[in-house]
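Structure record follows, encoded as structure tokens.
We count ligands from 1, going down the list as the structure has it; atoms in each ligand are counted the same way.
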Amino acid sequence: MPVTDVRTHRVRVPLHTPFVTAVRSTSQVEALLVEIRDEDGRSGWGEATENWRVTGSSIAGAEAAVAGPLAAAVTGSDPDDLEPATRALAATVTGNQAAVSAVDCALHDLAAARLGVPLGQLLGTTRRSVATDVTLAVDTPERMRDAARRRRAEGFTVLKVKLGRGEHDDLARLTEIAEAAGASTVLRVDANQGWTPKEAIRLVRAVEDRGLNVEFVEQPVAAGDIEGLAEVTHAVGLPVMADESVWSPRDALHLVRTRAVDLINVKLAKCGGLRAARHLVALAEASGVGVLFGSMMETHVGVAATAALAATASGGGPVADLDAAWWLTHSPVAGGPRYDGAALVLSDAPGLGITALADPAPALSPR
Ligand SMILES: [Mg+2]
């Protein structure tokens, strides 16, 4: 039953709260959903998000890559022959990881659907629930403190704190948040490349001196500054994570060889989908480097695929930063995952459990 059809759907979903980091501010998610159909009429779903500032991917670019070379690569292929089909994708285009990921995930979803099992089961686990943190968008210390209180009241015990807007203000923000959230709240700090190595070292040492309950510090310095990343990692006690510095397994290999980080953030939109992400996980595990499963600002479609992989990870370390779709006013699809407090719960239905575009259809881009 070969792949017969590759369709794309543009969706735009508003956020209930603006999402602000050191490098971007957004009030909606624009995404390209990819639907791959087989001869039996089954569908597999994947997602490419638009993110000019971090990944450089656009809806128009992803649409062109999917409708052109990526659709040509998978049409007529056997979706049950998943490994060769997804390997061929990676060799079809250079860059365009978000588009490659969308097609790769759609093929995985379709393969699981054809077997009649949830995607997580195809990847090797019966777990259907993944605990996630929730992000505190960068703001004034007072507003971040209030947001911390609200999120704690909603059941989140792990807060991802976006910093990187200035060393001294950042320490004030983090201290306010830690006091407001209480000692039992775990804080994850993400500077989104916002500090110099010296600033990062001073700030992390101050955090350690104050005894704040911080689990790790993510991407303290510029993405390309691997030496600076290693400098920070070696100078502080808290674990340091690479996000924007690691896209492919080859990037991860370089970080491992240079002992530049303790942890890596695996995102499908950076590495090109579940096949590459599994390679990243294997490389990290063999190297003693920890993994966090993260996402861009994505809808329920992209987040569900990452969660299925995150569910395969053993506990004991940071696992998932998958609150992206929690920020949306609604899902662009029917079926799929849902949030239950701090848990992202995957569907028990075959594949990702997505049955169709949401009805009524999400606001389509007027382009
Ligand atoms: Mg990050």
message = Can you tell me which N/O/S atom of Glu218 has the shortest distance to the Mg ion (ligand 1)?
response = OE2
message = For His9 and Trp45, take the angle between the two ring planes, folded into 0 to 90°, and tell me which bin it lands in: parallel under 30, tilted 30 to 60, perpendicular over 60.
response = parallel
task = Please find out if the Mg ion (ligand 1) and some N, O or S atom of Asp190 are separated by less than 2.8 Å.
result = yes
task = Kindly confirm whether the Mg ion (ligand 1) is within less than 2.8 Å of some N/O/S atom in Glu244?
result = no
note = From the list Thr132, Asp321, Asp133, side-chain hydrogen bond (donor to acceptor under 3.5 Å, both in side chains) partner of Lys160 resolves to Asp321
query = Taking side chain as C-beta onward, heavy atoms only, is Met241 less than 4.5 Å from Ile264?
reply = no
query = Relative to the ring of Tyr339, is the ring of His300 parallel (under 30°), tilted (30 to 60°) or perpendicular (over 60°)?
reply = perpendicular
Atom of Asp243 nearest the Mg ion (ligand 1) (restricted to N/O/S, atom name only) = OD2
